[in-house]
Amino acid sequence: MIVVVELVWVLETSYRFKKKEVEQVLETLLRSKELVIERAEIVAQALRKFSTSRADFADCLIERSAQAAECQHTVAFDRNAAAAGMKLLEV
């Protein structure tokens, strides 16, 4: 899962991929028969959340991983992350 997050970061920062392009790459990876994606169902859930929210992919994956671990709350300082289902921690 860490490699998937790193891939998204490289695509966005180094290659200037737009959100839709990143989504297409992740969908292709998840459908690939040649690759094994760690916790593929959680990655797919994060991708769906990423597609419909303002949060970045890493935040969506964190939120979905915490949900799968049955955490009651996942907190963030980032309002966009909170939009993905995390609890906003304001200081």
message: side chain to side chain contact (heavy atoms under 4.5 Å, CB included) for Val3 and Ile37? Distances and angles first, verdict last.
response: CA-CA 9 Å; Val3 173; Ile37 306 297; over 6 Å; no
- request: Test side chain to side chain contact (heavy atoms under 4.5 Å, CB included) on Phe17 and Val10 and set out the steps.
  value: CA-CA 9 Å; Phe17 273 40; Val10 169; over 6 Å; no
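Listed by chain and residue number, Glu41 satisfy the salt bridge (Lys or Arg N to Asp or Glu O under 4.0 Å) test with Arg48 (two or more places apart in sequence, or in another chain).
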I'd like a table of donor-acceptor pairs (distance under 3.5 Å, sequence neighbours excluded) in which one partner is a side-chain atom from residues 59-73, with atom names and distances.
{"residue": "Ser65", "atom": "OG", "partner": "Leu61", "partner atom": "O", "Å": "2.9"}

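By the 4.5 Å heavy-atom criterion applied to side chains, Phe57 and Leu26 are counted as neighbours.
Follow the hydrophobic side-chain contacts under 4.5 Å out from Val8 and you reach Tyr15 in the same cluster.
Looking at Lys49, its side chain never comes within 3.5 Å of a backbone N or O of Ala44 through a donor-acceptor pair. With hydrogens and angles disregarded, no donor-acceptor distance shorter than 3.5 Å links the side chain of Glu12 to the backbone of Trp9.
Applying the side chain to side chain donor-acceptor pair (under 3.5 Å) test to pairs two or more places apart or on separate chains, those with a residue in residues 25-36 are Ser32-Glu34.
In summary, Lys20 and Glu23 engage in a salt bridge, as defined by a charged side-chain N under 4.0 Å from a carboxylate O.
Here the CG-CG distance, from Leu47 to Leu29, works out to 10.0 Å after rounding to the nearest 0.5 Å.
With a 6.0 Å radius and a threshold of 12 heavy atoms from other residues, nucleotides or ligands, Lys87 has its NZ atom at or below the threshold.
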